Amino acid sequence: HQNSNINIHETTVKMCEEVMAKLNTFTELTRKFNSREQLFAKDQTDYSRLQVVIKEFTPYNTLWHIVNKWYSDIDRWLNQPFENLDANAA
């Protein structure tokens with residue numbers, strides 16, 4: 001699988017952000033479409049599968065954001081004096 005390589009975490013996080021942005025756009029569009037269908041007394045289209053996709057993708061998105069954060073901060077955590085580390089920022 002192309003995204004199983006941990007060394008491409010920055011690229012993968014960007015891809016995840018793009019996918020989530022598109023999923024959010026699609027969610028807004030489905031609301032708009034359903035609103036218009038209702039306005040014209042049409043049966044509303046079932047877009048529930050989109051919510052399933054979002055629910056299934058969210059852990060993957062979260063994982064890659066955590067991996068990216070880890071690799072972005074690891075040098076600072078290992079090389080900075082302990083008393084200078086900010087636990088709240090981590």
Side-chain angles (χ1 to χ4, degrees):
H1 189 272
Q2 73 178 24
N3 294 325
S4 62
N5 184 350
I6 201 82
N7 297 321
I8 60 167
H9 59 90
E10 291 172 345
T11 303
T12 306
V13 161
K14 288 177 185 172
M15 182 209 56
C16 288
E17 289 172 352
E18 290 171 5
V19 169
M20 283 304 293
K22 288 179 182 178
L23 290 171
N24 289 332
T25 299
F26 295 152
T27 298
E28 290 302 316
L29 287 173
T30 61
R31 287 185 188 130
K32 186 185 294 186
F33 296 155
N34 281 154
S35 173
R36 290 179 181 165
E37 288 170 337
Q38 186 177 18
L39 182 66
F40 292 105
K42 299 285 185 181
D43 290 337
Q44 290 188 340
T45 304
D46 178 16
Y47 294 107
S48 61
R49 180 72 181 129
L50 178 59
Q51 293 309 311
V52 172
V53 170
I54 291 170
K55 184 177 180 181
E56 290 175 355
F57 184 73
T58 297
Y60 178 80
N61 182 47
T62 302
L63 170 69
W64 281 105
H65 274 84
I66 292 169
V67 168
N68 189 55
K69 176 83 169 139
W70 171 266
Y71 277 100
S72 298
D73 293 345
I74 189 75
D75 285 334
R76 185 171 42 89
W77 296 336
L78 294 176
N79 298 318
Q80 193 175 47
F82 185 77
E83 57 274 1
N84 292 345
L85 294 176
D86 181 5
N88 293 326

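Being a predicted model, the structure only gives us computed values, none of them experimental. One-based numbering along the sequence shown.
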task: State whether the side chain of N24 and the backbone N or O of M20 hold a donor-acceptor pair below 3.5 Å, judged by distance alone.
output: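 Yes: the side chain of N24 pairs with the backbone of M20.
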message: Once salt bridge (charged side-chain N to carboxylate O under 4.0 Å, His left out) is applied, do any residues pair with R31, and if so which ones, sequence neighbours excluded?
response: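 With neighbours one apart ignored, the set is E28.
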Gap between atom [atom2] of [Y] and atom [atom1] of [X] - 0.5 Å precision:
{"X": "L63", "Y": "N68", "atom1": "CG", "atom2": "CG", "answer": "11.0 Å"}
{"X": "N34", "Y": "D43", "atom1": "CG", "atom2": "CG", "answer": "11.0 Å"}
{"X": "D73", "Y": "L78", "atom1": "CG", "atom2": "CG", "answer": "10.5 Å"}
{"X": "L23", "Y": "K55", "atom1": "CG", "atom2": "NZ", "answer": "15.0 Å"}

Minimum-distance pair of heavy atoms, taken over all atoms of W64 and V13: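 Heavy-atom minimum between the residues: O-CG2, 3.0 Å.
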Are [Y] and [X] connected in a single hydrophobic cluster, I mean Ile/Leu/Val/Met/Phe/Trp/Tyr linked by side-chain heavy atoms less than 4.5 Å apart?
{"X": "V19", "Y": "L50", "result": "yes"}
{"X": "V53", "Y": "F33", "result": "yes"}
{"X": "Y47", "Y": "F40", "result": "no"}

task: List for me each residue that meets side-chain hydrogen bond (donor to acceptor under 3.5 Å, both in side chains) alongside T45, sequence neighbours excluded, and say none if there are none.
output: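 T45: side-chain hydrogen bond (donor to acceptor under 3.5 Å, both in side chains) contacts with E37.
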field: ring pair (Phe, Tyr, Trp, His ring centres under 6.0 Å) involving F57 - partner list, sequence neighbours excluded
entry: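 Scan of F57 (ring pair (Phe, Tyr, Trp, His ring centres under 6.0 Å), adjacent residues dropped) gives Y60.
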message: Does K32 form a side-chain contact (heavy atoms from CB on, under 4.5 Å) with R36? I'd like the steps, not just the answer.
response: CA-CA 6 Å; K32 186 185 294 186; R36 290 179 181 165; 3.4 Å; yes
message: Among M15, K14, H9, which residue satisfies the side chain to side chain contact (heavy atoms under 4.5 Å, CB included) criterion with T12?
response: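 Passing option: M15.
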Derivation and outcome, side-chain contact (heavy atoms from CB on, under 4.5 Å), residues E17 and H65: CA-CA 9 Å; E17 289 172 352; H65 274 84; 3.1 Å; yes
field: Side-chain heavy atoms of V52 within contact of R49, under 4.5 Å
entry: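 Yes, at least one pair of side-chain atoms sits under 4.5 Å.
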message: Just checking N84: does its CG atom have more than 12 heavy atoms from other residues, nucleotides or ligands closer to it than 6.0 angstrom?
response: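 Yes, the 6.0 Å shell around CG holds more than 12 heavy atoms from other groups.
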